Amino acid sequence: MDVPTYTPEDAAVPEGEVVVERSTTAQDLGPKLNRTAADVVRFLMQQGEMVTATQSLSDDMIELFAAEIGAEVRLVDPGEEQEIELLALLEVAEPEYEDAPIRPPVVTVMGHVDHGKTTLLDRIRDANVVDGEAGGITQHIGAYQVEQDGNAVTFIDTPGHAAFTAMRARGADATDIVVLVVAADDGVMPQTIEAINHARAADVPIVVAVNKVDRDNAEPQRVLTQLAEHELVPEAWGGETVTVEVSALQGLGIEDLIENLSVIAEVEDLRADPEGRAQGVVLESHLDVGRGSVATILVQSGTLKVGDPLVAGAAWGRVRALIDDHGRQVKEAGPSTPVEVLGLSDVAEAGDRFVVAPNEKVAGRVAEKRSHFKRQANIGRDAHALSSGARLEDIFEQIQKGEAATLNLVVKADVNGSLEAVCESLKRLERDDVKLAFVHRAVGGITENDIQLAGASNATIIGFNVRPDRKAREFAEAEKVEIRTYEVIYQLLEDVESAMVGMLAPEFEEVVTGDAEVREIFSIPRIGKIAGCYVQNGTITRGSKVRFLREGTIIWKGEVRSLRRFKEDVREVQSGYECGIGLSDFQDLKEGDVIETYDERELERT
């Protein structure tokens, strides 16, 4: 029996804009546009796309068919339209600002890498988190509140490297004032211009901190000239941009900077109602050993309390604990306060809105529906890519044959902010002849499930600040799955880009020489903590390079400082024996941690 065809004469094209969910099927698309599934399938087959009535369609396919019949469509993610109903279920009310009390300003610090942004924040909050950061980059968003002369100011620290543009843009969305840090000896750089554009897009005042004025080669006037070229005319020149000369290293101009921020906040008349159910934004989230899902959030209105039923994107739970920026447990957090939240069912996505629900039942229902829509959005996405994709090591060979290649990736990272930044950065490397498909991306160590998925989809696993455990590593070798782990984002991007252009430089391959599980911890006077270990595989050698793993995540790197069997110093301990291991400059030992030793050998990449 022939399927009847519909022509423009037979059926009218719907008037106005038709809302269509991404990854919809021909079965669902046809009726929306007054056509049958057969019409959609037949047209796409004529275009060389072999699809069935129940197969998910790509954005291009949907738009192509709509253009053919002259219909206007607007593509939305699954659940986007239903989100309005979910917000009604949560009874989310628009916050009242007019008669609300004054709240502290939220200040986002932006700037080019190495211009002293983190050092400036260290000086402000009298802490030091610069030392030990891989590549000198702040790789996670942090939030801190400081007080001066009774006035509180909340600072959001965003990464300075261009690779983390997405995180920086998200930081600006939750901010009232942007502090743009520019080094007096370096001037305005490309990332500085990006930061200016993000601040302008957020429509917030910009305060320029001209840093490193204590240096001999500092030229603050040249910086002001460069800023004027980008329409940031200093007040001293008759413009509206507040500029403050500071030295983060010596502490010069810090009080002046905070005073200017307080004045601007007063002019902006920032208000929020501390009463009622809290709302705000998730700045960062990660899985923590022993604590579960941890989200760093910024309360924007209302007051968040311990015990509140909370929904953040597709994650939900009753607030088990609130921890402030000093690591202290608090019972509640008001507007403009950043806190860590414990008790969520899953890792919330950075940038998600959060709201306190009327009760736990509603919170669970909303999160479940969002989770369902999220899964729906992923069905069929990159389906073609998965069937024809290549691994990193094969990608250049495919390009050389003149084929359009797709690089399939499984991306794992230690925290959500890093995960988002890595994926956004990788996406920018796409070219006409090389597309990227993310088979899976998640927070946490590299597991056997990741390797199984990568093997099935012919994908490369990229790990950022995470490692596979021994079983996962052995499974990867058996399945011939490629795992590449990184701690500095520059190297990750360079490797992928090099693979695309076929210019792979020599690399150092890390060879794992042994791993030992921490069974007991001993405290020795004048020496510190010693890990009582059982060597599970290979050989542990004194002086070896070490990675210290907790739940698959790297928490420290260094070397084996001392190695003992019973009371004797030994050079090495083999698999199956117990020993005492002393590590250089590391004391945060816990039972169940894994000490992994490794060597590096140079390889020629081909």
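What you are looking at is a predicted structure, and each value in this text was computed from that prediction instead of being measured. Basis for what follows: all heavy atoms, side chains included, without hydrogens, waters or symmetry-related copies.
- A salt bridge links Asp269 with Arg271: at least one charged nitrogen is closer than 4.0 Å to a carboxylate oxygen.
- Leu120 and Ala209 get closest at one heavy-atom pair: CD2-CB, 4.4 Å.
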As a quick check of understanding, evaluate side chain to side chain contact (heavy atoms under 4.5 Å, CB included) for Val330 and Thr337, giving each step before the final call.
CA-CA 11 Å; Val330 293; Thr337 306; over 6 Å; no
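- A distance-only check finds a donor-acceptor pair linking the side chain of Thr175 to the backbone of Thr108 [under 3.5 Å].
- A salt bridge does not link Asp186 with Lys212: none of the charged nitrogens is closer than 4.0 Å to a carboxylate oxygen.
- Across all their heavy atoms, Ile206 and Ile196 have their closest contact at CD1-O, 4.4 Å.
- Distance alone, capped at 3.5 Å, is enough to place a donor-acceptor pair between the Thr303 side chain and the Pro274 backbone.
- Salt-bridge annotation for Arg547 and Glu487: absent, with no side-chain N of the basic residue lying under 4.0 Å from a carboxylate O of the acidic one.
- Sorted by first and then second residue, the salt bridge (charged side-chain N to carboxylate O under 4.0 Å, His left out) pairs with a member in residues 303-314 form an empty list; sequence neighbours excluded.
- Residues Leu549 and Ile554 meet the side-chain proximity criterion, which asks for heavy atoms closer than 4.5 Å.
- Considering Asp324, Thr154, Val106 in turn, Thr154 is the only one that fulfils the side-chain contact (heavy atoms from CB on, under 4.5 Å) rule with Pro338.
- Pairing each heavy atom of Ala295 with each of Leu344, the nearest pair is CB-CD1, 4.0 Å.
- Exactly one of Arg467, Arg473, Arg441, Lys412 qualifies for a salt bridge (charged side-chain N to carboxylate O under 4.0 Å, His left out) with Asp450. That residue is Lys412.
- The two residues Tyr486 and Asp495 have their closest heavy-atom pair at OH-OD2, 2.7 Å.
- By the 4.5 Å heavy-atom criterion applied to side chains, Leu310 and Ile297 are not counted as neighbours.
- For the pair Val153/Phe155, a side-chain contact is recorded, criterion being any heavy-atom separation below 4.5 Å from C-beta on.
- Glu551 CD: 12 or fewer foreign heavy atoms inside a 6.0 Å radius.
- In this structure, Glu255 places its CD atom where only 12 or fewer heavy-atom neighbours from other residues, nucleotides or ligands lie under 6.0 Å away.
- In this pair, Trp556 and Phe548 present their aromatic rings perpendicular. The plane angle is above 60°, beyond the 30 to 60° band.
- Put simply, the side chain of Ser285 gets close to the backbone of Ala348: a donor and an acceptor are under 3.5 Å apart.
- Residues Leu252 and Val246 have side chains not in contact (no heavy-atom distance under 4.5 Å, counting atoms from C-beta outward).
- Put simply, the side chain of Gln145 gets close to the backbone of Ser336: a donor and an acceptor are under 3.5 Å apart.
- Looking only at distances, a side-chain donor or acceptor of Arg123 sits under 3.5 Å from a matching main-chain atom of Leu249.
- Side-chain contact check for Lys361 versus Pro309: every heavy-atom pair is 4.5 Å or farther apart.
- Side chain of Gln300 to main chain of Gln279: no donor-acceptor pair is present (N/O by atom type, distance under 3.5 Å, no hydrogens or angles).
- Taking both residues in full, the closest heavy atoms of Val443 and Asn416 are given as CG2-N, 3.6 Å, listed atom of the first, atom of the second, then distance.
- Summarising the geometry, atom OG belonging to Ser425 is positioned 11.0 Å from atom OH belonging to Tyr490; distances are rounded to the nearest 0.5 Å.
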Quiz item: Passes side chain to side chain contact (heavy atoms under 4.5 Å, CB included), Val319 versus Val356? Steps please.
Solution: CA-CA 10 Å; Val319 177; Val356 170; over 6 Å; no
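- No donor-acceptor pair closer than 3.5 Å links the side chain of Thr296 to the backbone N or O of Leu283.
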Review item, side-chain donor-acceptor pairs of residues 259-267, under 3.5 Å, at least two apart:
residue: Asn260; atom: ND2; partner: Asp256; partner atom: O; Å: 2.9
residue: Asn260; atom: ND2; partner: Asp256; partner atom: OD1; Å: 3.2
residue: Ser262; atom: OG; partner: Ile258; partner atom: O; Å: 3.1

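- Between Glu360 and Arg318 there is a salt bridge, since at least one side-chain N of the basic residue sits less than 4.0 Å from a carboxylate O of the acidic one.
- One finds the OG atom of Ser247 at 7.5 Å from the CD1 atom of Ile254 (value rounded to the nearest 0.5 Å).
- Annotation: side chain of Val496 is in contact with side chain of Leu407 (closest heavy-atom distance under 4.5 Å).
- For the atom pair CG (Leu453) and CG (Asn449), the distance works out to 8.5 Å, reported to the nearest 0.5 Å.
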inquiry  = If you apply the rule side chain to side chain contact (heavy atoms under 4.5 Å, CB included), what do you find for Val306 with Gln329, and how did you get there?
reply    = CA-CA 10 Å; Val306 173; Gln329 287 208 18; over 6 Å; no
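- Smallest separation of non-hydrogen atoms from Val294 and Glu340: CG1-CD, 3.7 Å.
- A salt bridge links Arg103 with Asp176: the closest approach of a Lys/Arg side-chain nitrogen to an acidic carboxylate oxygen falls below 4.0 angstrom.
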